[in-house]
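All ligand and atom numbering here is 1-based and tracks the order in the structure. All values derive from a computational prediction rather than experimental measurement.
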Amino acid sequence: MSKDLVIVVVDFPTLDLFAGAGGLSQGMASAGLTVVGASEMDNDALETYKSSHLSRLPQSSLELFEGDVGRHSFRSLKGEIAVVAGGPPCQPYSLGGLRRGVADDRDGIPQFVRVVSEVMPEAFLMENVPGLARGTQLPVLKRAIEKFRELGFLVTWKILHAADFGVSQRRQRLFVVGTRKSNFKWPKPTHGADTSRAWVAAREVLDASRPIGDLNNAIITYAKSPDLRPSPWDGHLWNGGGRPINPDGLVPTLLASMGGNKTPWLDGGNIVPDYHAYLLAGGAPRRGIVAGARRLTYQEAAMVQGFSLDMSWCGGRSSIYRQIGNAVPVPLAKAVGSALVKAMARTEDSIKPRGLAVL
Ligand SMILES: C[S@@+](CC[C@H](N)C(=O)[O-])C[C@H]1O[C@@H](n2cnc3c(N)ncnc32)[C@H](O)[C@@H]1O
């Protein structure tokens, strides 16, 4: 005689602070977290976020906290939110900036801590750049962790590589996770060393001869004084910050500043290895445009970040590239979100079941 299988359906209402275009939100949603609120101050990102959320989850309600997150109180959400997530901007700590830290208006980490303290969720997930754990920025991370611990969270942090989770990109991100119980386990890589699958090569995602989307017209030109490295794909043989993409390797990190000559490019003319060998052999630098080369379209950049092609991007071209470059790759967000869901599902006593299904 077969027994009824009872499944307790748990729901994890989630708030995404600094939501951007929604890479983190989309990954968390596909991991089973229900994004019910988002804060964002950039109008274009907000429009992108709204339209993608509405097209994906037309039935679900979403509370938007528009404008500066610092102007909103989140106290009314106490007891309603299981997870507070978000990727605060890191410019105040960036080596390239003025390094005014918490005195900088753009500093998002204290705001993230404040919202966690107001909402007191079951767990939180904060994402940032690996640089936050290095050198003079480390005390900022340590201070935030100390505050989370004072709020009663068990805190752990780790730098994860997006390529280990099936993203064909050199992109590392730092995640800080806080839970009420110590059962959070970091997701195991699905690709790369010690797994059965290799990193996804750029050629599996991109084709130089078949552009997808709106062509990017920023040209690629030979550098007057090339800087040679052992690999043809490194160094500066070309003008601009955008690197050539090795079809057998990973796409270089997609930056928020891409759009113009910082956009990585595809070597449609098969020029890169030959030109590198030619220079190594003492050849004189060439001048002019690199034949057959083209930069990634924003649709291709979005694809590399794990967004689906039907995303509707709002704003001008550079704003769209910025939203894409700012995002957490969707598969990476999904991996961390799934690990959090597993940890929370194990702490049944702390989660309110929202429904019951008998199969
Ligand atoms: C690193 S991006 C977040 C990317 C997002 N997590 C994703 O995966 O797509 C940081 C975002 O925070 C927003 N932001 C910066 N300062 C803010 C503030 N004070 N209030 C609200 N949003 C802010 C920026 O406009 C930007 O979209």
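In terms of polar-atom proximity, Phe307 is not counted as a contact of ligand 1, lacking any N or O under 3.5 Å from an N or O of the ligand. Between Ala45 and ligand 1, no pair of N/O atoms sits closer than 3.5 Å. The distance criterion of under 3.5 Å between nitrogen or oxygen atoms is met by Val69 with respect to ligand 1. Any N or O atom pair closer than 3.5 Å counts here, and Gly70 shares no such pair with ligand 1. Inclusion of Asp68 in the set of residues having an N or O under 3.5 Å from an N or O of ligand 1 is warranted.
Close approach to Asp42 involves these atoms of ligand 1, each under 4.0 Å from a residue heavy atom: 25 (O). Which parts of ligand 1 touch Gly67 is read off a 4.0 Å heavy-atom cut-off, strictly below it: atoms 20 (N), 21 (C). Distances below 4.0 Å separate heavy atoms of Leu24 from the following atoms of ligand 1: 6 (N), 7 (C), 8 (O). When each atom of ligand 1 is checked for a heavy atom of Gly20 under 4.0 Å away, the hits are 27 (O). Near Ala21, meaning under 4.0 Å from one of its heavy atoms, ligand 1 places the atoms 9 (O). Listed by number with element, the atoms of ligand 1 under 4.0 angstrom from any heavy atom of Val328 are 7 (C), 8 (O).
Ser319 and Gln323 form a side-chain donor-acceptor contact under 3.5 Å, judged by distance and modelled atom types alone. Side-chain contact annotation: Thr297 with Asn216, donor-acceptor N/O pair under 3.5 Å absent.
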> Trp238 and Tyr275: ring-ring contact (aromatic ring centres under 6.0 Å, His included), yes or no, with the steps?
Replying inline: CA-CA 11 Å; Trp238 338 91; Tyr275 182 56; 5.5 Å; yes
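Ring geometry for Tyr321 versus Tyr298: interplanar angle over 60°, hence perpendicular rather than tilted (30 to 60°). Aromatic ring orientation, Phe74 versus Phe65: tilted (interplanar angle from 30° to 60°). Ring planes of Trp186 and Phe184: perpendicular class, angle over 60° (limits at 30 and 60°).
Classification of Glu66 and Arg71 as a salt-bridged pair fails, no side-chain N sitting under 4.0 Å from a carboxylate O. Ionic pairing of Lys50 and Glu47 is present here: one or more N-O contacts between side-chain nitrogen and carboxylate oxygen are shorter than 4.0 angstrom.
Both the backbone and the side chain of Ala327 come within contact range of ligand 1, each with a heavy atom under 4.0 Å.
For the residues Ala19, Gly87, Gly23, the heavy atom positioned nearest atom 5 (C) of ligand 1 is part of Ala19. Comparing Arg322, Met41, Arg71, Glu40 by heavy-atom distance to atom 25 (O) of ligand 1, the nearest is Glu40.
No option in Ile245, Asp248, Asp267 other than Asp267 meets the side-chain contact (heavy atoms from CB on, under 4.5 Å) test with Trp233.
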